[in-house]
Amino acid sequence: MAYWLMKSEPSVYPWSRLLEEKRTAWSGVRNYQANNNMKAMKKGDQAFFYHSNEERAIVGIMQIVKTWYPDPSDETGRFGMVDVRPQKSLTQPVTLTAIKNIAALKEMELLRQSRLSVSAVTDEAWNLILSQK
DNA sequence: GCCAACGTTGGC
DNA sequence: GCCAACGTTGGC
């Protein structure tokens with residue numbers, strides 16, 4: 001099973017909304033690297049839900065429930081989306097600052113490429129982040 | 001609000 | 001195919 005991190009601006013689509021809706025299609029990605037990461041996702045993979053911009057913290061864990069399929073809102077036909085469902089809220093969000101303070105996470109895609117909205121997370125990084133209190 | 005880091009577009 | 005100009009994202 002692989003791990004991922006997906007960003008959303010709280011003012012656009014907050015974690016609380018995903019909790020209400022129980023499931024959503026991760027549409028709107030228009031970046032090849034992010035799109036390729038979604039293509040690599042398998043059913044059952046887990047992903048952090050990260051609030052970008054005004055909050056900058058991982059607030060929940062999601063599960064991929066449907067693999068990549070074309071995004072109907074993309075007229076070029078190049079970009080797609082996956083379906084996700086919330087699995088667990090973090091009682092204590094893990095902030096970007098906290099992640100930066102973990103030396104072993106210096107190489108995380110999240111830190112190296114701040115504009116990438118869908119990135120891969122290694123097993124080590126996943127476990128380290130979840131062990132933060 | 002600013003700006004660095006990217007990504008995209010279009011002229012040549 | 002190069003690269004300048006422009007647009008966007010997201011951290012600060």
For A/W15, all residues meeting ring-ring contact (aromatic ring centres under 6.0 Å, His included), sequence neighbours excluded: A/F49
Whichever hydrophobic residues join A/F79 through chains of side-chain contacts under 4.5 Å: A/Y32
Solution key, residues 57-67 of chain A side-chain donor-acceptor pairs under 3.5 Å, sequence neighbours excluded:
| unit_1 | atom_1 | unit_2 | atom_2 | d |
| --- | --- | --- | --- | --- |
| A/Q63 | OE1 | A/R85 | NH2 | 2.7 |
| A/Q63 | NE2 | A/Q87 | OE1 | 3.2 |

Could you pull out the protein-nucleic contacts involving nucleotides 5-12 of chain C (nitrogen or oxygen on both sides, under 3.5 Å)?
| unit_1 | atom_1 | unit_2 | atom_2 | d |
| --- | --- | --- | --- | --- |
| C/dT8 | O2 | A/R115 | NH2 | 3.2 |
| C/dG11 | OP1 | A/Y50 | OH | 3.0 |
| C/dG11 | OP2 | A/N53 | N | 3.0 |
| C/dC12 | OP1 | A/K100 | NZ | 2.1 |

A/K43: which residues meet the side-chain contact (heavy atoms from CB on, under 4.5 Å) condition with it, sequence neighbours left out? none
If the condition is side-chain hydrogen bond (donor to acceptor under 3.5 Å, both in side chains), which residues does A/E107 pass it with, not counting sequence neighbours? A/R112
